[in-house]
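Remember, predicted model here, so these are calculated numbers, not experimental data.
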Amino acid sequence: MPMRIWRPQDLDQSIEIFQRAVHEIAVRDYSLEELRAWAPEPPDVAAWSRLMEDLKAWTCEIRGRIAGFIASDRPGHIQLLYVHPDFQRMGVATALLDTVIADAGLHGVHELSTKSSRTGRRFFEQAGFSVQREEQASRNGVSLQRYVMTRPLA
Ligand SMILES: CC(C)(COP(=O)(O)OP(=O)(O)OC[C@H]1O[C@@H](n2cnc3c(N)ncnc32)[C@H](O)[C@@H]1OP(=O)(O)O)[C@@H](O)C(=O)NCCC(=O)NCCS
């Protein structure tokens, strides 16, 4: 999978991936009200721009299109992981996770962690993560169930 560091020029495509992944993939696991709170339409592009400035992120680019992206706020902690609906179940998230594992290794971090959606939980479990606890995240006044998950690194 062709991986590279995320660039500010990737912002529009990344936001589109986020919107579509939430509304077309996570739709299996959350109500319409929850999806609208998680990924409101239209998206707040300025807020996204500020968020991405504070994160270290990587993308997977296939035939000139961004297939997905992953972002960390600190080594080993996955803050965002979204794959375009056209590129699901092709190993994109697995390859993106490998970039975070490599980065964690460079920084001497011994544990991966994330706060996963119900949708992401199945991916993270098969990648060796286990649920530490369940919690509610508040998004635009709506409560969304998510899972605190970790995986030890050798
Ligand atoms: C979760 C997500 C990132 C996975 O991306 P992906 O590129 O399709 O994942 P991969 O192809 O690397 O999947 C690897 C394995 O994880 C498991 N897996 C992935 N998605 C799964 C699903 N929806 N249901 C069950 N298992 C799943 C499978 O074991 C899969 O292997 P297989 O396809 O050979 O069966 C993607 O579905 C997504 O963007 N979801 C919506 C947004 C979201 O909730 N993101 C997580 C935010 S915390």
With a distance cut-off below 6.0 Å to the six-membered ring centre and an angular limit of 45° from the axis, does R118 pair with Y30 as a cation-pi contact? yes
Short side-chain to backbone donor-acceptor contact, [X] and [Y], under 3.5 Å:
| X | Y | answer |
| --- | --- | --- |
| S72 | K56 | no |
| Q13 | D10 | no |
| R151 | A127 | yes |
| H23 | A39 | yes |
| Q19 | E16 | no |

Verify the cluster assignment for M3 and L97: are they in a single hydrophobic cluster under the rule of side-chain heavy atoms below 4.5 Å apart? yes
Please determine whether residues I5 and Y82 belong to a single hydrophobic cluster, defined as Ile, Leu, Val, Met, Phe, Trp and Tyr linked transitively by side-chain heavy-atom distances below 4.5 Å. no
Considering all heavy atoms, the nearest [X]-[Y] contact:
| X | Y | answer |
| --- | --- | --- |
| P40 | A37 | CD-O, 3.8 Å |
| G91 | M1 | C-CE, 4.0 Å |
| L153 | V109 | CD1-O, 3.7 Å |
| H84 | I66 | CB-O, 4.4 Å |
| S116 | M149 | CB-SD, 3.8 Å |
| A67 | I17 | C-CD1, 4.2 Å |

Pair M90, F87 - check side chain to side chain contact (heavy atoms under 4.5 Å, CB included), show working. CA-CA 6 Å; M90 291 169 50; F87 295 96; 3.9 Å; yes
Is there a side-chain contact between [X] and [Y] in this structure, where contact means two heavy atoms from C-beta onward sitting under 4.5 Å apart?
| X | Y | answer |
| --- | --- | --- |
| I25 | V83 | no |
| D54 | Q79 | no |
| I78 | F129 | yes |

Between atom [atom1] of [X] and atom [atom2] of [Y], what is the distance when rounded to the nearest 0.5 Å?
| X | Y | atom1 | atom2 | result |
| --- | --- | --- | --- | --- |
| W58 | I70 | CH2 | CD1 | 7.5 Å |
| T99 | F69 | OG1 | CZ | 12.5 Å |
| C60 | R65 | SG | CZ | 11.5 Å |
| R74 | L55 | CZ | CG | 11.5 Å |
| T94 | R89 | OG1 | CZ | 9.5 Å |
| W38 | T119 | CH2 | OG1 | 5.0 Å |

Do E41 and R36 sit within salt-bridge range, that is, some charged N less than 4.0 Å from a carboxylate O? no
Show, in sequence, the C-alpha distance, side-chain angles and deciding distance for V92 and I62, and conclude whether the side chain to side chain contact (heavy atoms under 4.5 Å, CB included) test is met. CA-CA 10 Å; V92 171; I62 299 176; 4.2 Å; yes
Listed by chain and number, what are the side-chain hydrogen bond (donor to acceptor under 3.5 Å, both in side chains) partners of Q88, not counting sequence neighbours? none
What do the steps show when you test R20 against D86 for side chain to side chain contact (heavy atoms under 4.5 Å, CB included), and what is the final call? CA-CA 10 Å; R20 291 198 52 187; D86 293 348; 4.2 Å; yes
Judged by modelled atom types alone, do Q132 and T150 share a side-chain donor-acceptor pair under 3.5 Å? yes
Does any donor atom in the side chain of Q136 or Q145 lie under 3.5 Å from an acceptor atom in the other side chain? no
Is the number of heavy atoms from other residues, nucleotides or ligands within 6.0 Å of CD (E33) greater than 12? no
Stepwise, does the side chain to side chain contact (heavy atoms under 4.5 Å, CB included) test hold for S14 with Q9? CA-CA 9 Å; S14 302; Q9 303 94 284; over 6 Å; no
